[in-house]
Amino acid sequence: MSPRTPLRPLARILDARARGENPDLIERANIRARGEAGREAARARVAWRIGLVIGIFCVCFGAVGVRMGTLAASTPEEPQRADTAPAILAQRADITDREGRVLATNLVTHALYAQPPMMVDPVGTARKLAKIFPDLDAKRLAADFTGPRKFVWIKKKISPEQLQQVHDIGEPGLLFGPREMRLYPNGRLAAHVLGGARFGNEGVDSAEIIGTAGVEKAFDSWLRDPDNNGAPLKLSIDLTVQQAVEEILVGGMKLMNAKGATAVVMDVHTGEIVALASLPDFDPNDRPAPLAKGDASDSPLFNRAVQGVYELGSTFKIFAVAQALELGLVNPTTMLDTKSPMVWGRFRIRDFHNYGPALSITDIVVESSNVGTARIALLIGGQRQKEFLESLGFMAPTPVELSEAPSGRPLVPAKWSEITSMTVGYGHGLAASPLHLAAAYATIANGGYKVRPTLVHAPARERGPQVMSTEAARKSLAMMRAVVTRGTASFADVKGYEVAGKTGTADKVKPGGGYYDNKVIATFASAFPASDPKYVLVLSLDEPSSFAANETRRTAGWTAVPVAAEVIRRIAPILGLRPADSVPEVLDGIQLVKAAKGH
């Protein structure tokens, strides 16, 4: 900054006096100059400030213009409330059967909670709540209400009647949180398919529903995906068929004194499961807790159709025969040695009865000869047998859409020796689930095309790879039909429906090794109608025992077969199958047209 100019500079005053001028004029001139300089500086400051204001205005106006342009180009949306807590996705899609009938849906309900600082009569309120909800402890509630806690969950879901009763208490510290709960309107029906759901993340305003088992868990992400726009998950299950199967299975289990039972009905062409039942079962609306100890199969949560891995006995014999036919090693009339016992090293293979010195391949299946099947397995060889069973799906868990499916891994021999090949041929030494068996039988029934079991309904599916020739499959099916017409499954000869099948009775394996003497798994695997197979039914009973013909019977022919026959008799008309020989094609001059149902 330059030094300030004095108003009366001495040198100029002296000079002015020497010339005879008035020195006061110098001071007045300097005052005018100083004033002009101040006014110039003020004008400069005002101009700068005006420029700054104009610049700020232009920036703000430009920003507003850009924002208005952005809004004009975007899709209009309702304003959303900004919460500090993360959003909870409460909506969950319905689950229906193949005909659109609801199997699982949502119901609006309320949760009950308390804010103790707001309560007027905490002790009295605790006592009144215990009367409305008998499972609550009044003393515990009173302690929670009178302690330091500021928030107490009381009930995660309550009924409308309970809601009104709590309202009538008139306690301002009791509050309600709206939410949706999962509802299974058919109760126990298809419980092991649906599985169940529970609350996940919870808030006072909502709670998310997450699957805990079955298709609810397998499709959890899909059911909660908002992008599906509320579309339901359509299963392949037919609710009417499922009801009939479960009803008969319950009665059959009691009649045969079995501890458990399971049944699978499957479309042989698509692999769609029309019914899947496992007993004992449960109500998914009130899913029980898993067993803390003991045998997992004793729990009602255990899905025997998928998780139950059993030696399935003589139902496996048809696979050895089908492979031998496929390889050209035998034909239905080929005779094989069936003298019993068959001695192989230190092992002896015996038949249930003495069937004589030789049987044809057809009669080996009809009479269910272990010895004959063992000789067929020797003809095939262990490596080829293993590869064939693998092609039918017996070496891996079934790919069905259930969260429990991966746990149903078959128990396969570590070493495939000759004796192993023989015992596996007649259903011992390899354990698999009833669903594995259903898929393999469907492969034979449909002409040799591998079936992938599924619980999802689809209008069309690609056919699987062909794992055996149509001719070998057709001959195998004809032998299975003979098992019903003149063999071990004669009780399954349901008039009009041409049932073909195979029985299997396997001793149950002890937990510590070895086999029980009087406990079996009795299975009947079938396809119908044999002339044009549409469906497969596999039905198993765990530890059955019935008294018939003056003695205790445990074999499948006396236990599983009669129950399966009743299932087929009941469900075949529901599935749109008309008895082949009960109604003439022309009646009183009126042509009858068969009604088809899409399954």
Side-chain angles (χ1 to χ4, degrees), residues 266-271 312 314-336 338 359-370 372-395 421-422 424-427 430 432 436-453 463-487 489 498-504 525-538:
M266 179 186 293
D267 186 310
V268 302
H269 298 290
T270 65
L312 294 167
S314 297
T315 59
F316 261 55
K317 289 175 180 172
I318 196 64
F319 303 136
V321 170
Q323 187 178 11
L325 291 169
E326 174 71 14
L327 295 172
L329 301 175
V330 298
N331 62 54
T333 59
T334 301
M335 301 297 292
L336 288 182
T338 54
L359 288 175
S360 68
I361 297 298
T362 298
D363 285 337
I364 286 173
V365 177
V366 170
E367 301 294 348
S368 198
S369 170
N370 293 339
T373 310
R375 295 198 182 280
I376 293 172
L378 285 176
L379 293 175
I380 296 170
Q383 186 59 37
R384 290 194 296 189
Q385 180 192 43
K386 182 178 179 181
E387 291 171 356
F388 182 68
L389 292 176
E390 185 174 14
S391 73
L392 292 175
F394 282 111
M395 301 297 165
S421 181
M422 288 187 280
V424 167
Y426 57 82
L430 187 152
H436 281 99
L437 193 65
Y441 266 65
T443 298
I444 294 176
N446 70 21
Y449 295 91
K450 185 175 182 179
V451 166
R452 177 188 176 93
R463 191 160 61 176
Q466 190 164 15
V467 297
M468 72 178 76
S469 67
T470 302
E471 184 65 15
R474 184 187 63 80
K475 290 177 180 178
S476 300
L477 192 65
M479 295 181 197
M480 289 163 56
R481 175 61 181 154
V483 172
V484 175
T485 57
R486 61 184 181 88
E498 298 178 291
V499 179
K502 185 69 189 76
T503 55
S526 60
F528 61 96
S531 57
D532 183 16
K534 296 290 192 301
Y535 299 96
V536 155
L537 166 67
V538 171

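For clarity, every value in this text was computed on a predicted model and none was experimentally measured.
Closest approach of L477 and P533 over heavy atoms only: CD2-CG, 3.4 Å. Across every non-hydrogen atom of A374 and M422, the tightest pair is O-CG, 3.5 Å. The heavy-atom pair separating A320 from I376 by the smallest distance is O-CG2, 3.6 Å. Counting all heavy atoms, side chain and backbone alike, V538 lies closest to A525 at CG2-CB, 3.9 Å. When all heavy atoms of Q385 and Q323 are compared, the closest pair comes out as CA-OE1, 3.5 Å. A527 and V536 make their closest contact through CB-CG2, 4.2 Å (heavy atoms, listed as atom of the first residue, atom of the second, distance).
In R384, the CZ atom is crowded: over 12 heavy atoms of neighbouring residues, nucleotides or ligands sit closer than 6.0 Å.
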Working for side chain to side chain contact (heavy atoms under 4.5 Å, CB included), residues T485 and V366: CA-CA 9 Å; T485 57; V366 170; over 6 Å; no
Residue pair I318, V365: steps toward the side chain to side chain contact (heavy atoms under 4.5 Å, CB included) verdict: CA-CA 7 Å; I318 196 64; V365 177; 4.2 Å; yes
Residues N370, K317; criterion side-chain hydrogen bond (donor to acceptor under 3.5 Å, both in side chains); working and verdict: CA-CA 8 Å; N370 293 339; K317 289 175 180 172; 2.8 Å; yes
M395 vs L430, side chain to side chain contact (heavy atoms under 4.5 Å, CB included): CA-CA, chis, key distance, verdict: CA-CA 10 Å; M395 301 297 165; L430 187 152; 4.2 Å; yes
Trace of the side chain to side chain contact (heavy atoms under 4.5 Å, CB included) decision for K450 with L392: CA-CA 7 Å; K450 185 175 182 179; L392 292 175; over 6 Å; no
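Here F394 and F316 bring their ring centres to under 6.0 angstrom of each other.
Residues passing the ring pair (Phe, Tyr, Trp, His ring centres under 6.0 Å) test with Y426 are H428, sequence neighbours excluded. Shown here are the ring pair (Phe, Tyr, Trp, His ring centres under 6.0 Å) partners of Y441, two or more places apart in sequence or in another chain: F319. In terms of the salt bridge (charged side-chain N to carboxylate O under 4.0 Å, His left out) criterion, residue partners of R474 (sequence neighbours excluded) are, by chain and number, E471.
Between the CE atom in M480 and the NZ atom in K502 there is a gap of 10.0 Å [rounded to 0.5 Å]. Rounded to the nearest 0.5 Å, atoms OG1 (T270) and CG (N446) are 10.0 Å apart. Remark: S476 OG to E326 CD distance equals 9.0 Å, nearest 0.5 Å. One finds the CG atom of L359 at 4.0 Å from the OG1 atom of T338 (value rounded to the nearest 0.5 Å). Atom-to-atom distance recorded for N331:CG and L325:CG is 7.5 Å, nearest 0.5 angstrom. Atom CE of M335 and atom OG of S360 lie 5.5 Å apart (nearest 0.5 Å).
In the model, T362 has no side-chain atom that pairs as donor or acceptor with a side-chain atom of K475 under 3.5 Å. A donor and an acceptor atom, one from each side chain of S368 and S314, are located under 3.5 Å apart.
Screening I361, I380, T373 against V321 for a side chain to side chain contact (heavy atoms under 4.5 Å, CB included) leaves a single residue, I361.
Within the 4.5 Å cutoff, no side-chain heavy atoms of V268 are placed close to those of V451. The shortest side-chain heavy-atom distance between T443 and Y449 does not fall under the 4.5 Å cut-off. Contact of the M468 side chain with the F388 side chain is registered, since non-hydrogen atoms from C-beta on lie closer than 4.5 Å.
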